[in-house]
Amino acid sequence: MSEIDDLFEVIKQRISEMPEDSYTAEIARKGIGFAARKVGEEAVETVVAALNESKERTVSEACDLIYHLLVLLAIRGINLDEIYVELRRRRK
């Protein structure tokens, strides 16, 4: 299992259990619109970092983007297996 798969499992667990002290659960409570806006914000921050900031800052922003995208997918009920199938289809 990859780091992304592991993170996705934690995200799904947090959304299922909705602990009060979980940032993931907080995003889920605010709904899919909020989660989608967070993905957009993080995408912009990643682009800005890639164009104007250090490699380390770009890596950090990319991690934020991936995390928020995974939260959005989990809220939407999309499993990573569906993403992997589509990626394999596109590779052919």
Side-chain angles (χ1 to χ4, degrees):
M1 214 175 215
S2 72
E3 294 297 322
I4 290 176
D5 291 307
D6 291 344
L7 176 57
F8 194 63
E9 290 304 313
V10 171
I11 288 168
K12 289 191 306 184
Q13 179 182 4
R14 299 276 166 77
I15 290 172
S16 172
E17 296 174 0
M18 298 295 271
E20 287 297 319
D21 62 345
S22 167
Y23 178 60
T24 302
E26 178 183 334
I27 294 171
R29 279 190 288 277
K30 291 181 178 180
I32 195 157
F34 180 81
R37 285 189 298 278
K38 289 301 293 179
V39 171
E41 290 172 21
E42 296 302 338
V44 170
E45 290 174 8
T46 301
V47 169
V48 169
L51 294 173
N52 301 314
E53 299 179 29
S54 68
K55 179 180 178 179
E56 293 78 15
R57 183 77 179 132
T58 304
V59 167
S60 177
E61 292 299 341
C63 289
D64 290 348
L65 175 58
I66 290 167
Y67 162 77
H68 284 90
L69 178 58
L70 293 176
V71 171
L72 178 66
L73 293 173
I75 291 169
R76 188 67 173 83
I78 297 170
N79 202 312
L80 286 183
D81 289 340
E82 295 172 80
I83 300 299
Y84 297 150
V85 165
E86 179 62 14
L87 289 171
R88 281 191 294 276
R89 185 193 67 77
R90 291 179 181 201
R91 188 173 57 201
K92 293 182 180 182

Return yes if some donor-acceptor pair links the side-chain N/O of Glu61 with the main-chain N/O of Thr58 below 3.5 Å, else return no.
no
Consider only side-chain heavy atoms of I, L, V, M, F, W and Y, link residues closer than 4.5 Å, and tell whether Ile32 and Ile78 are in one cluster.
yes
Tyr67: which of Ile4, Leu72, Ile27 passes side-chain contact (heavy atoms from CB on, under 4.5 Å):
Ile27
Shared hydrophobic cluster, Val44 / Leu69 (ILVMFWY, side-chain heavy atoms < 4.5 Å):
no
Spacing of Thr24 atom OG1 and Met18 atom CE [to the nearest 0.5 Å]:
10.0 Å
Under the side-chain contact (heavy atoms from CB on, under 4.5 Å) rule, what do Glu86 and Arg90 come out as? Steps first, then yes or no, please.
CA-CA 6 Å; Glu86 179 62 14; Arg90 291 179 181 201; 2.8 Å; yes
Output yes when Glu41 and Lys38 qualify as a salt bridge under the 4.0 Å nitrogen-oxygen rule, no when they do not.
yes
Which atom names give the shortest non-hydrogen contact between Arg29 and Ser22, and what distance separates them?
NH2-O, 4.2 Å
Heavy-atom closest pair (Ala74 atom, Ile15 atom, distance to 0.1 Å) is CB-CD1, 3.6 Å
For the residue pair His68 and Val39, what are the closest heavy atoms and their distance?
O-CG2, 3.4 Å
Under 4.5 Å between any side-chain heavy atoms of Tyr84 and Asp5, yes or no?
yes
Which residue is it: Ile66, Val71, Asn79? I am looking for the one with a side-chain contact (heavy atoms from CB on, under 4.5 Å) to Phe8.
Asn79
Would you check if Glu9 and Gln13 make a side-chain contact, meaning some heavy-atom pair closer than 4.5 Å?
no
Which atom of Pro19 lies closest to which atom of Ala25, heavy atoms considered:
O-CB, 3.5 Å
Would Thr46 and Asp64 count as a side-chain contact (heavy atoms from CB on, under 4.5 Å) here? Give the steps.
CA-CA 8 Å; Thr46 301; Asp64 290 348; over 6 Å; no
Honestly curious: do Leu51 and Leu65 fall in one hydrophobic cluster under the side-chain, below-4.5 Å linking rule?
no
